[in-house]
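See structure below.
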Amino acid sequence: MEKIDRLDKKILSILSKNARIPFKDVAEECNVSRAAVHQRVQRLIENGVIIGSGFNVNPKSLGYSTCTYVGITLERGSMYKEVVKRLEHIPEVVECHFTTGPYTMMAKLYARDNEQLMQLLNGQLQEIPGVVSTETLISLEQSIKRDIAVRFEEDEEQ
């Protein structure tokens, strides 16, 4: 991955606070041309520094009132990729991680209610070949949600 310089960090910092800010405003704040900002952002996308863009939809607005983390224990860790392929077909699963600790993997999912959650667990997740057990943790409230902060202080260049 290419080195990210101070200007890249300043652009990332601005965009991470407001992804919809016009490039002309970013250019003004950075004292560069709009074309320079556009080229920098394109390069950051191509190099995998910027990995997505879009809107975050509040799951509750779509009727999903239960956010759940499910610790999944597999028969063998090597089954992870096959299990992920099966989880990709369950739209309520929004994240999946291969983990250390007591679980082979951790999945985040949303359910409309406890009845749907039970169906997802018993009727889908636990039916996946290789899944030995699951442990469910229900989120009562999301207190913090943010991306990693982009810092561009003057002394970072040293």
Side-chain angles (χ1 to χ4, degrees), residues 1 4 8-27 29-30 34 37-38 40-152:
M1 187 179 294
I4 298 172
D8 290 334
K9 287 181 182 179
K10 188 167 186 177
I11 291 168
L12 287 169
S13 177
I14 294 165
L15 292 175
S16 68
K17 290 177 188 128
N18 178 6
R20 297 192 297 174
I21 188 171
F23 281 0
K24 72 175 184 56
D25 294 350
V26 177
E29 196 168 329
C30 294
R34 189 179 328 162
V37 170
H38 180 73
R40 293 279 184 135
V41 169
Q42 275 307 121
R43 185 176 47 78
L44 292 167
I45 291 169
E46 289 166 7
N47 289 330
V49 176
I50 296 175
I51 54 173
S53 64
F55 297 98
N56 292 321
V57 177
N58 181 346
K60 287 183 180 180
S61 69
L62 300 175
Y64 291 94
S65 61
T66 304
C67 174
T68 308
Y69 295 87
V70 181
I72 303 170
T73 303
L74 300 182
E75 208 173 290
R76 293 183 316 280
S78 61
M79 302 175 88
Y80 172 73
K81 288 185 180 180
E82 284 303 312
V83 173
V84 168
K85 286 179 186 173
R86 298 285 297 268
L87 291 174
E88 286 174 336
H89 295 288
I90 303 171
E92 292 83 0
V93 174
V94 296
E95 284 184 35
C96 182
H97 302 266
F98 191 46
T99 61
T100 62
Y103 312 112
T104 313
M105 51 199 300
M106 183 70 74
K108 178 179 179 182
L109 62 89
Y110 286 97
R112 295 185 186 283
D113 52 32
N114 287 347
E115 187 177 327
Q116 186 194 19
L117 176 59
M118 191 169 76
Q119 190 281 324
L120 287 166
L121 293 170
N122 296 338
Q124 293 189 54
L125 269 69
Q126 294 171 355
E127 294 297 315
I128 297 172
V131 172
V132 174
S133 65
T134 61
E135 184 172 344
T136 306
L137 306 164
I138 294 176
S139 171
L140 300 175
E141 177 181 299
Q142 178 178 314
S143 304
I144 297 173
K145 178 180 172 51
R146 62 180 168 210
D147 289 323
I148 193 74
V150 180
R151 303 195 193 288
F152 63 94

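The residues of the chain are indexed from 1 along the displayed sequence.
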Over all heavy atoms of both residues, which pair between Gly48 and Ile51 is shortest? Give the atoms and the distance, please. O-CG2, 3.2 Å
Point-to-point distance, once rounded to the nearest 0.5 Å, from CG of Leu120 to CG of Asn114: 11.5 Å
How close do Leu74 and Met79 get, counting heavy atoms only, and between which atoms? CD1-C, 4.1 Å
Atom pair CG (Leu117) and CG (Asn122), whose distance is rounded to the nearest 0.5 Å: 9.0 Å
Hey, mind stepping through His38 and Arg34 against side-chain contact (heavy atoms from CB on, under 4.5 Å) and telling me if it holds? CA-CA 6 Å; His38 180 73; Arg34 189 179 328 162; 5.7 Å; no
Listed pairs under 3.5 Å, donor-acceptor, residues 60-69 side chains, sequence neighbours left out:
| from | atom 1 | to | atom 2 | distance (Å) |
| --- | --- | --- | --- | --- |
| Ser61 | OG | Asn58 | O | 2.6 |
| Tyr64 | OH | Arg112 | NH2 | 3.4 |
| Ser65 | OG | Arg112 | O | 2.7 |

Nearest-0.5 Å distance, CG of residue Leu44 to CG of residue Leu12: 5.0 Å
For Glu135, all residues meeting side-chain hydrogen bond (donor to acceptor under 3.5 Å, both in side chains), sequence neighbours excluded: Tyr103
Sorted by chain and number, sequence neighbours left out, side chain to side chain contact (heavy atoms under 4.5 Å, CB included) with Gln119 holds for Gln124
Pairs touching residues 18-27 that satisfy side-chain hydrogen bond (donor to acceptor under 3.5 Å, both in side chains), sequence neighbours left out: none
Could you pull out all residues at least two apart from Arg146 that satisfy side chain to side chain contact (heavy atoms under 4.5 Å, CB included)? Ile144
Heavy-atom nearest pair, Lys9 first then Ile4, reads CG-CG2, 3.8 Å
Test side-chain contact (heavy atoms from CB on, under 4.5 Å) on Val131 and Leu125; report intermediate values, then the result. CA-CA 8 Å; Val131 172; Leu125 269 69; 5.8 Å; no
Identify each donor-acceptor pair in which a side-chain atom of residues 83-97 lies under 3.5 Å from a protein atom, sequence neighbours left out, and give them as a table.
| from | atom 1 | to | atom 2 | distance (Å) |
| --- | --- | --- | --- | --- |
| Lys85 | NZ | Glu82 | OE2 | 3.3 |
| Glu92 | OE2 | Gln116 | NE2 | 3.0 |
| Glu95 | OE1 | His97 | NE2 | 2.9 |

So OG1 of Thr104 and CE of Met106: to nearest 0.5 Å the spacing works out to 10.5 Å
Separation of Tyr80 OH from Ile72 CD1 (nearest 0.5 Å): 9.5 Å
CD1-CZ distance between Ile50 and Arg43, expressed to the nearest 0.5 angstrom: 9.5 Å
